[in-house]
Amino acid sequence: MRAKLVAANWKMNGSFSLLDKMLDVFKSNLRNTSCQVVICPPHVLLSSLKNAVEGTKIEVGAQNVHSELSGAFTGETSAPLLKECGVMWCIVGHSERRMIFNESDEFIRSKTATLLKNGIRPILCVGESLEQRDSGKHEESVVAQLRKILTGFNAEDQSRFVVAYEPIWAIGTGKTATPEQANTMHSIIRKELQSLGTHEVAANTQILYGGSVNVENAKALLSQSEIDGALVGGASLKKDEFYQIVAAAT
Ligand code: PEP
């Protein structure tokens, strides 16, 4: 039985005060949830988040990492330093990083390897463009991304991954994949994970849906058999809404 996981991707938003407010809501309400909760704020908030979540079920996530361990990479952050900040999870392969910062599957693959070597669990994002979906190429494009990034990792590595299916056309647009569309793609992803690793690992891998998840659609998406949680952008910045999405997963 896979536990549900809901992760917040704050992107370049949020503040120390939002962190305080968010944690107030979660600390008073989130006692006995079976849902894993991960908050991925901007890097400068990571240490404060780590201190604030001690003793709670919330885990600390980062939004980005460099593949190298140190060096002349102005503005970047290394996996060992993230680890020191209490980071247990890191998003890789987000479509905004692919499109705005030109990150290739190869670079995403090397970041993933670095995260694993440093004991940080990757939340690996894959997803198709609107053009790919409209032309019926959505399944092959998602499978191709998975193969380029994951081929060669062993079963133990694969047991550390979470995959997030994020159709690009649904991110920040208010358009959501229907629960059926998402569930179908999640099954395809799981099948691909089986062929890249072992059936057992694939059966236990959490596959999250991301793309305009909100209070209204969370329950329907999260009740699908293959949807093990959500990666939430915009709605994760609203404390009560994010809390209700977590509650819908519980
Ligand atoms: C995201 O950025 O991963 C995301 C899913 O954003 P939103 O929920 O705003 O669509």
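Just follow the structure's listing: the first ligand is 1, and inside any ligand the first atom is 1. Count residues from 1 along the sequence.
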Query raised in the report: Hey, does V232 come in under 3.5 Å of ligand 1, counting only N/O atoms on both sides?
Result: no
Query - side chain to side chain donor-acceptor pair (under 3.5 Å), paired with K111, selected from E106, H66, E103 - result: E103
Query raised in the report: So, is the end of the R98 side chain (NZ or CZ) under 6.0 Å from the ring centre of F107 and within 45° of the ring's axis?
Result: no
Query raised in the report: Using the ring of each side chain (for Trp, its six-membered ring), is F26 parallel, tilted or perpendicular to F242, with breaks at 30° and 60°?
Result: tilted
Report summary line: Atoms of ligand 1 under 4.0 Å from any heavy atom of A170, numbered from 1 in the order shown, are 10 (O)
Report task. Under 4.0 Å from a heavy atom of G172: give me the atoms of ligand 1 that qualify, with their elements. Result -> 7 (P), 9 (O), 10 (O)
Report task. Just jot down the ligand 1 atoms closer than 4.0 angstrom to any heavy atom of S212, in number order. Result -> 7 (P), 8 (O), 10 (O)
Report task. Could you walk me through whether W169 and E128 pass side chain to side chain donor-acceptor pair (under 3.5 Å), step by step? Result -> CA-CA 8 Å; W169 48 271; E128 81 281 2; 2.9 Å; yes
Requested in this report: Enumerate the atoms of ligand 1 whose separation from the nearest heavy atom of G234 is less than 4.0 angstrom.
Outcome: 7 (P), 8 (O), 9 (O)
Query - N or O pair under 3.5 Å between H94 and ligand 1 - result: yes
Report task. Kindly determine whether K148 and R109 satisfy side-chain contact (heavy atoms from CB on, under 4.5 Å), including the steps that lead there. Result -> CA-CA 8 Å; K148 281 194 198 139; R109 179 182 167 77; over 6 Å; no
Query raised in the report: Checking side-chain contact (heavy atoms from CB on, under 4.5 Å) for the pair H94/Q63: CA distance, chi angles, key distance, verdict?
Result: CA-CA 9 Å; H94 194 283; Q63 298 174 24; over 6 Å; no
Query raised in the report: Purely on distance, is any nitrogen or oxygen of N9 under 3.5 Å from one on ligand 1?
Result: yes
Report task. Of the side chain and backbone of I171, name the one, both, or neither that has a heavy atom under 4.0 Å from an atom of ligand 1. Result -> both
Requested in this report: Do me a favour and list the nearest non-hydrogen protein atom to atom 5 (C) of ligand 1 with residue, atom name and distance?
Outcome: E166 OE2, 3.1 Å
Query raised in the report: For ligand 1, is there an atom lying under 4.0 Å from some heavy atom of A235?
Result: no
Query raised in the report: Any idea which protein heavy atom is nearest atom 8 (O) of ligand 1, and the distance to it?
Result: G233 N, 2.8 Å
Query raised in the report: With a 4.0 Å cut-off on heavy atoms, does S95 reach ligand 1?
Result: no
Requested in this report: Can you sort out which atoms of ligand 1 are near G211, meaning under 4.0 Å from one of its heavy atoms?
Outcome: 5 (C), 10 (O)
Query raised in the report: Are L5 and I207 connected in a single hydrophobic cluster, I mean Ile/Leu/Val/Met/Phe/Trp/Tyr linked by side-chain heavy atoms less than 4.5 Å apart?
Result: no
**Report entry** Ligand-residue contact atoms, ligand 1 with L231, heavy atoms, under 4.0 Å
**Finding:** 3 (O), 5 (C)
**Report entry** Min side-chain heavy-atom separation E68-E76 under 4.5 Å
**Finding:** no
Query - E156 atom CD, neighbour heavy-atom count above 12 within 6.0 Å - result: no
